[in-house]
There are 2 protein chains.
Amino acid sequence: MSGQTAKTISEREYSISDLAKEFGITSRSIRHYEDEKLICPERRGVHRIYSARDRVRLQLILRGKRLGFSLAEIREIIDLYDLPEGKQKQAKLLVELIQKRRDALLQQRKDIEHMLKELDMLEQKLD
Amino acid sequence: MSGQTAKTISEREYSISDLAKEFGITSRSIRHYEDEKLICPERRGVHRIYSARDRVRLQLILRGKRLGFSLAEIREIIDLYDLPEGKQKQAKLLVELIQKRRDALLQQRKDIEHMLKELDMLEQKLD
DNA sequence: CAGCAAGTTTACGTTTGCGTAAAGGTAAGG
DNA sequence: CCTTACCTTTACGCAAACGTAAACTTGCTG
């Protein structure tokens, strides 16, 4: 694992393969997410160093993927989390985006409930 | 709309563009699903005639898509619904499939709850 | 029956999301 | 210094899921 000076637990650093192993994906994928501007790790020399924050971003990416969003959409979504804390000038625009996301998610939740019920019925049908 | 002899409501027939319009997709997509063996409408001459059952299949396809499944996976899933009613010889295999699906769906549901919560927090952050 | 919208097949094009070499740089241990 | 393990960039490849154009047929409709 990446050498660390044991300060705060939140200051852990990760190599690309650390994260790849942890999340069961390839390094190639992680680099691809970077190409697509979804994540942007620090560089120590030429090597990528991932922070705890970066790790969270990666989790968000993977969650988005499980939900069927495209990488471009996922970028939109996680960009919402990185508001400059002061600039809510585009707040209205953001709220719209959020609303659209929520609608999509609520629809998906319905879809899932449907499918789960139908799977139950199927299973019962098999005595 | 497609001419119909007004028998039972469940005997309605649909043209390819009827369904395309209703579900907001292109005819090309529907034909593609047919190429991929996801749906198989009756033919009257060379034209495709879709039954109410076909319509339901299409709904299932689109639901699967919203959930991020590939067309191949969706075919697996809807094939589950078309059991020959008597042949549960492969029942064990089916139950496994169902279990896998359910696990994936439960994970997705978690993902959705997470995202919804985070969207709520984001919205509040915008005072 | 002529016209026109809507349907059909065939087939090549495009985008997304990585896989997979190729060709080499870097850091730590022995 | 040399090996070994891991990292890097560059770039071509590929499957999935349609888009799109071409060229033709069908079948109402005036």
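A quick note: this is a predicted structure, and the numbers were derived from the prediction, not measured. Sequence lines set the chain letters: A, B, ... in the order given, protein chains first and strands last, and positions in each chain run from 1.
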Answer yes if the side chains of A:Q124 and A:D120 hold a donor-acceptor pair under 3.5 Å, and no otherwise.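 No - no donor-acceptor pair under 3.5 Å links their side chains.
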Can a side-chain donor-acceptor contact be found between B:D103 and B:Q107 if the only test is distance below 3.5 angstrom?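 Short answer, no.
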What contact category does [X] fall into here, base, sugar-phosphate, or nothing, at under 4.0 angstrom with non-hydrogen atoms?
X	answer
B:R48	sugar-phosphate
A:S27	nothing
A:H32	base

Starting from [atom2] on [N], measure out to [atom1] on [X] and report it in whole angstrom.
X	N	atom1	atom2	answer
A:R66	C:dG17	CZ	P	16 Å
A:E13	D:dC7	CD	C1'	16 Å
B:R44	D:dC28	CZ	C1'	16 Å
B:R31	D:dG19	CZ	P	11 Å
B:E73	D:dA15	CD	P	17 Å
B:I49	C:dA6	CD1	C1'	12 Å
B:L19	C:dA6	CG	P	15 Å
B:Y50	C:dA6	OH	C1'	13 Å

Which atom names give the shortest non-hydrogen contact between B:K65 and B:L71, and what distance separates them?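 Closest heavy-atom pair between B:K65 and B:L71: CD-CD2, 4.2 Å.
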Looking only at heavy atoms, what is the nearest atom pair of A:I78 and A:L38, with distance?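 The answer is CD1-O, 3.7 Å.
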[N] OP1/OP2 closer than 4.0 Å to side-chain N/O of [X]:
X	N	result
B:S15	C:dG7	yes
B:S29	D:dG19	yes
A:Y33	C:dC18	yes
B:K65	D:dA17	no
B:T26	D:dC18	no

Please name the residue in the list A:R57, A:R43, A:R28 that meets the salt bridge (charged side-chain N to carboxylate O under 4.0 Å, His left out) test with A:E34.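 With A:E34 as partner, A:R57, A:R43, A:R28 yield a single salt bridge (charged side-chain N to carboxylate O under 4.0 Å, His left out), made by A:R43.
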Please determine whether a side-chain nitrogen of the Lys or Arg among A:R75 and A:E73 lies less than 4.0 Å from a carboxylate oxygen of the Asp or Glu.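 Result for this pair is no, no salt bridge flagged.
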Given that B:A72 and B:R28 both sit by DNA chain D, which one's nearest nucleotide is further toward the 5' end?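 In this pair, the answer is B:A72.
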Can you figure out which of [options] approaches the side chain of [X] most closely?
X	options	answer
A:V46	D:dT8, C:dG7, D:dC18	D:dT8
A:L71	C:dT9, C:dC18, D:dT9	C:dC18
B:R43	C:dG19, C:dT8, C:dG7	C:dT8

How do B:D35 and B:S17 order along DNA chain C: which one's closest nucleotide is nearer the 5' end?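 With B:D35 and B:S17 compared, the 5'-side residue is B:S17.
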